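Accompanying notes for the structure given below.
The shown structure was predicted, so the numbers you read here are calculated from the model rather than taken from an experiment. Below, chains carry the letters A, B, ... as their sequence lines are ordered, and counting in each starts from 1. Side-chain atoms are counted along with the backbone in the values below, which use heavy atoms only and exclude waters and symmetry mates.
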Amino acid sequence: MKIDITGRFIAVWQRNLTVYRESWKINFMPPLLEPLFYLAAFGIGFSGLIGSVRYGDMEVSYVSFIAPALIAVNIMNNSFFENTFASFVRMYYQKTFDAMMATPLTVAEIITGEIVWGATKAAIATTIMMIVIGFFGLLNYTAAPLIILIAFLGGMAFGSTGMIFTASVKTIELFNLPVFLFITPMFLFSGTFFPLANLPWWAQYLALALPLTHLTNVLRGLNFGQYNADVFAGICYLLLFNAVVFPVALRKMKRRLIK
Amino acid sequence: MGTEVIVAENLKKYFGAFTAVNDVSFHILPGSCFGILGPNGAGKTTTIKMIYGFSPLSSGSLKVFGMDIKTKAREIKSRIGVCQQENTLDPDLTVLQNFAVFARYFNIPADTAGKRALEMLQFLALEQKKQARVAELSGGMVRRLVIARALINKPDLLILDEPTTGLDPQSRHQVWERIERLKAQGMTILLTTHYMDEAARLCDSLLIMDKGKILAQGSPRSLISEYIGSHIIEIAERSEGIAVFVRENNWRCEDLGHRLIIYAQNSHEIYREIDLKFPEENSLLRSATLEDVFLKLTGRELKE
C-alpha cells in the first residue's frame, strides 16, 4: 500500500477537537460520573461480599482491583464509540469526509486524524477519570503519565477496530452487532471484574486473545506499581494489534470512500 | 497561465458493469466559465468528481493546471475550490469556525484564514451571520456559505456542482451575480447544472451530456444556432389541418400531440405563411433558447 499520510492529518484531528470543545461540559460528564457510579456500586455494594482479591503475591481490596479495569473499559468505549457511531455520522450524515476529500487531504490522512482523535478522546477521558479515582485514594500517581500513554495506545487499537466496522456497515443500526458480540463480552470477561484465574482454562486462553484483557493487565500492573511480565506482554500485544488493525482500517475506508 | 486549465481526454468511469462516464473529452481555457449540462444521472457529477480527485478515472487522461491528476492530486486539489451538491458544512460549528477548520485542510495559517473568511463572507453578503451556527441558516445562506468556503484557498479553478438547485429565485440571482463577479476577476469556473437559463447566462462554453456521453459541445449561442436556429414556432392546441400543412411542406418539426414545434432557419417567413393561412391558430414565434437545444438533444421523456 502506498503511504500517503503527512502531518496534515492533524487538521482533521483539530476539527474534531474544535467540535468537542464546543460541548466540553457534556463531554466531561461521562468520565467524571461513570467511575463514581461503578466505585459506589462495587465499593459499597459489592466489596462487603468479596473482601479482598489476590493479585500476584498481593492481597488487594476489590475496589482497587477494579479501578484500573474501569479505566481500561472507559478507553475501549471512548475510542470504539467515537470511531463507530460518531465517525459514521460524520461520514454518512454530515458528509464531513466528502468535504475533506475535495481538499488536499488524502483519505488515509482523514482516517488517521479520526482514529488519532478517538485515541485522544480516550486519553482525555482517562485523565478525568484518574482524578476521580485519585480522590478515592486508588491511583498510583507515579504511574499516571504512563497510564495516559497506554490510554492513547489502547485508544488507537479500539478506534482502528471501530473504524473497520465503520467501513463495513451499511446503516448505523448495524453497530449494535459488534457492540454485543465484541464490546459487551470483553467488558465482562477480560479480567475486568474478577481475576482471569477464576475462568476455566480454555476461557482464559480465549480471554488472552482479547485486547481489553491486555489493556486491563497493563493498567492494573502499572497502578499497583508492578512492572511485571503481564505489563510487558500486554504492551507488546497492543503494539502488535495496532500494527495489524490500523493499516486494515485505512485500507477498508479507502475502499469505502473512493469510488 | 496561458495554457488550458483542464485538458480531459477520453474520460471513462465504470461502476461495476455500469458506465457512468463514457469517452468524455473537453478543454477549459483560463478565465472562462465552462458548463456541464445534462439531466439527472447524465454523469455530470461523476465527471467533475474525477477533476477534483475524488473519484479515480477508469481510463483516459486528465490534466489540471498541466499536471496529471493521477500523480499530482494533492497539488491540484490545493489550487481548486469545490462547492459540492450536498451541504457538507459542519452543523455543530459557527460560520467562522467552519472557515477556520476548513482552512487548516489547506495549511492556511489561522490569521490569513480569518481575514480571508471575513472577505468572503462580505463578498457573499453573510458577514452579519459570522457567529451563527450553520444549523440556523436558510438554504440560500448555506449555499452561499459553501461557495464562500470554497474560496478560502484563493482557488485558480472554482468547481460548482449544481450551485443553485433548490434555491428560491432571489437566492439564485444572488448566486449568479457573485459567480459573474468572480468571472470578471478572471477566475476559471466549472459548473454543472440542469437549469438552462443558468447555463446561458453564465457559461462561455458548455457541453451537454446524457447517459455518460457528450451530445454537443460549444458556446450557448453556437449550440442554439447549430441545433435549432435563431427562432422557433410553437403552436399550442394545434388543429389537424395545420399538422398536415406542416408535414406537406417538409418543415423540420416536433409534434407533441397537443403542441407542435417547428424548427427552421427561415422561421420568420414560415410564421407569416402559417399566420396567413391559419389566422385563428394559437401560434407563437419566439427566440430559440438553450432549453430547446437541451430538450431536442436529450429528449422529452422523464429521466428517472
Judged by atom type as modelled, is there a donor-acceptor pair below 3.5 Å linking the side chain of [X] to the main-chain atoms of [Y]?
X	Y	answer
B/Lys77	A/Thr103	yes
B/Gln84	A/Asp98	yes
B/Ser55	A/Lys259	yes

*To the nearest 0.5 angstrom, please state how far the OH atom of A/Tyr93 sits from the CD atom of B/Glu86.*
14.0 Å

*With a 4.5 angstrom heavy-atom cut-off, which part of B/Leu89 approaches chain A: side chain, backbone, both or neither?*
backbone

*chain A heavy atoms under 4.5 Å from B/Lys49: which part of the residue, side chain, backbone, both or neither?*
neither

Can you tell me if [X] has over 12 outside heavy atoms packed within less than 6.0 Å of its [atom1]?
X	atom1	value
A/Tyr141	OH	yes
A/Leu181	CG	yes
A/Phe187	CZ	yes
A/Lys95	NZ	yes
B/Lys183	NZ	yes
A/Met29	CE	no
B/Phe15	CZ	yes

*Looking at B/Asp92, B/Asn153, B/Thr94, which one has more heavy-atom pairs under 4.5 Å with chain A than the rest?*
B/Asp92

*What residue, out of B/Gly81, B/Pro91, B/Gly53, B/Ala150, has the most heavy-atom pairs lying under 4.5 Å from chain A?*
B/Pro91

Would you indicate whether the side-chain heavy atoms of [Y] and [X] approach each other to under 4.5 Å?
X	Y	result
A/Arg8	B/Arg74	yes
A/Thr18	B/Leu93	yes
B/Tyr105	A/Arg15	yes

*Identify which part of A/Glu22 has an atom lying under 4.5 Å from any heavy atom of chain B, answering side chain, backbone, both or neither.*
side chain

*Most heavy-atom pairs under 4.5 angstrom with chain B, which of A/Val107, A/Thr6, A/Val12?*
A/Thr6

*Against chain B, work out which of A/Thr96, A/Ile10, A/Leu105 has the most heavy-atom pairs shorter than 4.5 Å and name it.*
A/Leu105

*Between A/Ala99 and B/Phe102, which heavy-atom pair has the shortest distance, and what is it?*
O-CE1, 4.0 Å

*asked:* Between A/Gln94 and B/Asp90, does the side-chain contact (heavy atoms from CB on, under 4.5 Å) criterion hold? Intermediate values first, please.
replied: CA-CA 7 Å; A/Gln94 298 186 357; B/Asp90 273 316; 4.2 Å; yes

*Evaluate the side-chain contact (heavy atoms from CB on, under 4.5 Å) criterion for residues B/Phe54 and A/Leu257: first the C-alpha distance (whole Å), next the side-chain angles of each, then the deciding distance (0.1 Å), finally the verdict.*
CA-CA 9 Å; B/Phe54 194 101; A/Leu257 291 174; over 6 Å; no

